[in-house]
*Asks:* 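Below you will find the structure I want to go over with you.
Below, each value reflects all heavy atoms present in this structure, side chains not excepted, and no hydrogens, waters or symmetry copies.
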Amino acid sequence: MDEKEQVVSALVKRLGTDDTDLVSDIYDDALAQVLDYTNRTKLVGNMAIYVKQLAIVMFNRQGNEGESSRSEGGVSASFELGIPTEIKQGLMCYRTAKVVKFS
């Protein structure tokens with residue numbers, strides 16, 4: 001069992017779902033977002049923890065895509081867009097600078 005299969009298996013248990021394909025797809029999306037945010041091509045250090053956390057957030061956001069807030073029956077809920085601040089703070093030490101060439 002490779003590393004991705006182990007993480008997906010752990011996420012399936014934690015999320016209480018049997019849909020391995022969905023969890024695998026969400027994991028791939030979370031991995032891509034974390035790598036994009038950190039300007040890296042592979043995970044280093046403890047970045048895998050933040051990929052897992054983001055995958056859980058993404059799984060729980062299903063059905064709320066595109067909403068920034070909602071009000072029903074006098075109850076209001078607001079949603080943080082993109083990567084949650086808590087995860088961004090953990091990833092800050094893994095970010096690399098982008099070098100832009102000026103002509």
*Asks:* Could you measure the distance from the OG1 atom of Thr38 to the CD atom of Gln33? Nearest 0.5 Å is fine.
*Replies:*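 Going from the OG1 atom of Thr38 to the CD atom of Gln33 covers 11.5 Å.
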*Asks:* Supply the atom-to-atom distance Thr17 OG1 to Gln62 CD, rounded to the nearest 0.5 angstrom.
*Replies:*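 Answer for the OG1-CD pair, Thr17 versus Gln62, is 8.5 Å.
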*Asks:* Crowded around Asp18 CG? As in, over 12 foreign heavy atoms under 6.0 Å?
*Replies:*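 No, CG of Asp18 has 12 or fewer neighbouring heavy atoms, counting only those of other groups under 6.0 Å.
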*Asks:* Judged by atom type as modelled, is there a donor-acceptor pair below 3.5 Å linking the side chain of Ser24 to the main-chain atoms of Thr20?
*Replies:*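 Flag not set: sc Ser24 to bb Thr20 has no pair under 3.5 Å.
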*Asks:* Using only atom types and a distance under 3.5 Å, with no angle test, would you say the side chain of Thr96 pairs donor to acceptor with the backbone of Asn39?
*Replies:* yes
*Asks:* Answer whether the closest heavy-atom distance between the side chains of Val7 and Val51 falls below 4.5 Å.
*Replies:* no
*Asks:* Can a donor-acceptor pair be found, under 3.5 Å and without considering hydrogens, that links the side chain of Asn60 to the backbone of Ile56?
*Replies:*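 Pair found, side chain donor or acceptor close to backbone of Ile56.
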*Asks:* At what distance, to the nearest 0.5 angstrom, does CG of Leu31 lie from NZ of Lys4?
*Replies:*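 Here the interatomic distance stands at 8.5 Å.
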*Asks:* Is any side-chain heavy atom of Lys42 closer than 4.5 Å to one of Met47?
*Replies:*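 Side chain of Met47 against side chain of Lys42, heavy atoms only: no contact under 4.5 Å found.
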*Asks:* Would Arg95 count as a cation-pi partner of Tyr37, with NZ or CZ less than 6.0 Å from the six-membered ring centre and within 45° of the ring normal?
*Replies:* yes
*Asks:* Where do Ala55 and Ala30 come nearest, in terms of heavy atoms and distance?
*Replies:*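 Taking Ala55 first and Ala30 second, the nearest heavy atoms are N-CB, 3.7 Å.
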*Asks:* How long is the straight-line distance from CG of Asp19 back to CZ of Phe59, given to the nearest 0.5 Å?
*Replies:*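 Between Phe59 CZ and Asp19 CG, I get 8.0 Å after rounding to 0.5 Å.
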*Asks:* Under a single-linkage definition using a 4.5 Å side-chain heavy-atom cutoff for Ile, Leu, Val, Met, Phe, Trp and Tyr, are Tyr94 and Ile49 assigned to the same hydrophobic cluster?
*Replies:* no
*Asks:* What are the two closest non-hydrogen atoms of Pro84 and Val57, and how far apart are they?
*Replies:* CG-CG1, 4.0 Å
*Asks:* In Å, rounded to the nearest 0.5 Å, how long is the span from OH of Tyr27 to NZ of Lys52?
*Replies:* 9.5 Å
*Asks:* Check this for me: Glu86, atom CD, are more than 12 non-hydrogen atoms of other residues, nucleotides or ligands nearer than 6.0 Å?
*Replies:* no
*Asks:* Is the CD atom of Gln6 crowded by more than 12 outside heavy atoms at less than 6.0 Å?
*Replies:*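 Count over threshold, so yes.
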*Asks:* Using the side chain to side chain contact (heavy atoms under 4.5 Å, CB included) rule, pick out the option among Leu91, Ile83, Ile26 that qualifies with Leu54.
*Replies:*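 Only one option passes, and that is Ile83.
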